[in-house]
Amino acid sequence: QVQPVESGGGLVQAGGSLRLSCAASGRTFSGYAVGWFRQAPGKEREFVAAITWSGANTLYADSVKGRFTISRDNAKNTVYLQTNNLRPEDTAVYYCAAAASSSWYANDYDYWGQGTQVTVSS
C-alpha cells in the first residue's frame, strides 16, 4: 500500500511562505488523487486542497484560494503544496492523503501521512 510522507513544515512569520512536500513511500502514487488537510488544536480536520492523478484538476478550500497552490511531479512520486501569504490562522498540522479520486471529504481518502507542523507567527 502507498504510504504518504510529509515534509517542509516549520515556523514562519505572517506573510511568509512554505512549500510542503508529500512523497510516496512503499507503492507509488500511481493512479491516486492526493489531498492536503489540516488540523489546528481543538479543531476538526479540514480540507485544504486536492489534485487528480493527472494533475489536470485541482480543488481548493475557499480559505486558501489564491494563496496556496497544489501540484505534483509524478516522476518523483511527490505532491507539493505551495503556501504563500501565510496567516496565523493557517497554523495547523498539515496532512496529505491518497484516494482513488479527488474529493473534499477526508473519509474518501484511504492512506494518510503522519503530518507536518506549520506555525505562523503574527
Side-chain angles (χ1 to χ4, degrees):
Q1 65 183 38
V2 62
Q3 177 60 54
V5 180
E6 304 94 337
S7 62
L11 173 64
V12 64
Q13 289 189 329
S17 299
L18 286 172
R19 188 175 81 157
L20 308 183
S21 297
C22 175
S25 176
R27 286 185 58 185
T28 70
F29 280 139
S30 178
Y32 287 98
V34 173
W36 284 95
F37 292 78
R38 65 186 182 187
Q39 188 166 18
K43 294 189 177 181
E44 292 189 354
R45 189 169 298 190
E46 66 173 355
F47 173 80
V48 175
I51 189 167
T52 55
W53 156 243
S54 69
N57 294 293
T58 56
L59 296 172
Y60 292 96
D62 287 344
S63 59
V64 305
K65 256 180 210 175
R67 299 188 299 123
F68 290 12
T69 302
I70 189 170
S71 63
R72 67 192 298 163
D73 183 339
N74 288 336
K76 294 183 179 180
N77 288 311
T78 303
V79 175
Y80 303 99
L81 186 68
Q82 179 67 43
T83 65
N84 296 330
N85 193 19
L86 284 160
R87 305 166 180 168
E89 54 264 38
D90 294 317
T91 294
V93 177
Y94 283 70
Y95 299 89
C96 70
S101 59
S102 185
S103 171
W104 302 92
Y105 304 106
N107 286 345
D108 290 337
Y109 290 80
D110 300 308
Y111 305 105
W112 290 82
Q114 295 299 306
T116 186
Q117 175 71 47
V118 171
T119 304
V120 185
S121 63
S122 57

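Remark: Gln114 CD is loosely packed, at most 12 non-hydrogen atoms of other residues, nucleotides or ligands lying under 6.0 Å away.
One N or O on the side chain of Asn74 and one on the backbone of Trp53 form a donor-acceptor pair closer than 3.5 Å. Counting only distance, with no hydrogens or angles, the side chain of Thr52 and the backbone of Ala33 share no donor-acceptor pair below 3.5 Å. Side-chain atoms of Glu6 do not come within 3.5 Å of backbone N or O of Thr116 as any donor-acceptor pair. Gln13 places no side-chain N or O within donor-acceptor distance of the main-chain N or O of Ser121, the cut-off being under 3.5 Å. The main-chain N or O of Asn85 is found under 3.5 Å from a side-chain atom of Arg67 such that the two form a donor-acceptor pair.
Annotation: side chain of Val118 is not in contact with side chain of Thr83 (no heavy-atom distance under 4.5 Å). Side-chain contact between Ser63 and Arg38: present, with at least one pair of heavy atoms (C-beta onward) separated by less than 4.5 Å.
Among all heavy-atom pairs drawn from Tyr32 and Arg27, the shortest one is OH-NH1, 3.7 Å. For the residue pair Ala100 and Asp110, the shortest heavy atom distance occurs at N-OD2, 4.4 Å. The shortest non-hydrogen separation linking Gly115 to Val93 is CA-CG1, 3.8 Å. Smallest separation of non-hydrogen atoms from Thr78 and Phe29: N-CD1, 4.5 Å. Between Ala40 and Thr91, the shortest heavy-atom contact is CB-O, 3.6 Å. Contact record, Ser122 with Ala14: CA-CB, 4.4 Å, taken as the closest heavy-atom pair.
The aromatic rings of Tyr109 and Phe37 stand perpendicular to each other, their planes meeting at an angle above 60°, with 30° marking the opposite boundary. Ring-plane geometry between Tyr95 and Trp112 is classed as perpendicular, the angle between the planes exceeding 60 degrees on a 0 to 90 degree scale with a lower cut at 30.
Taking CG from Leu20 and CH2 from Trp36, the interatomic distance works out to 4.5 Å, rounded to the nearest 0.5 Å. The CG atom of Asn57 sits 9.0 Å away from the CD1 atom of Ile51 when rounded to the nearest 0.5 Å. To the nearest 0.5 Å, atoms SG (Cys96) and CD1 (Ile70) are separated by 9.0 Å.
Cluster annotation: Val64 is not connected to Tyr80 through the hydrophobic network of ILVMFWY side chains, with a link wherever side-chain heavy atoms come within less than 4.5 Å. Leu59 and Phe68 end up in different hydrophobic clusters when Ile, Leu, Val, Met, Phe, Trp and Tyr side chains are linked at under 4.5 Å. Clustering ILVMFWY residues whenever any of their side-chain heavy atoms sit less than 4.5 angstrom apart, transitively, puts Phe47 in a cluster other than the one holding Tyr60.
Electrostatic pairing of Lys65 and Asp62 counts as a salt bridge here, judged by a charged N lying under 4.0 Å from a carboxylate O.
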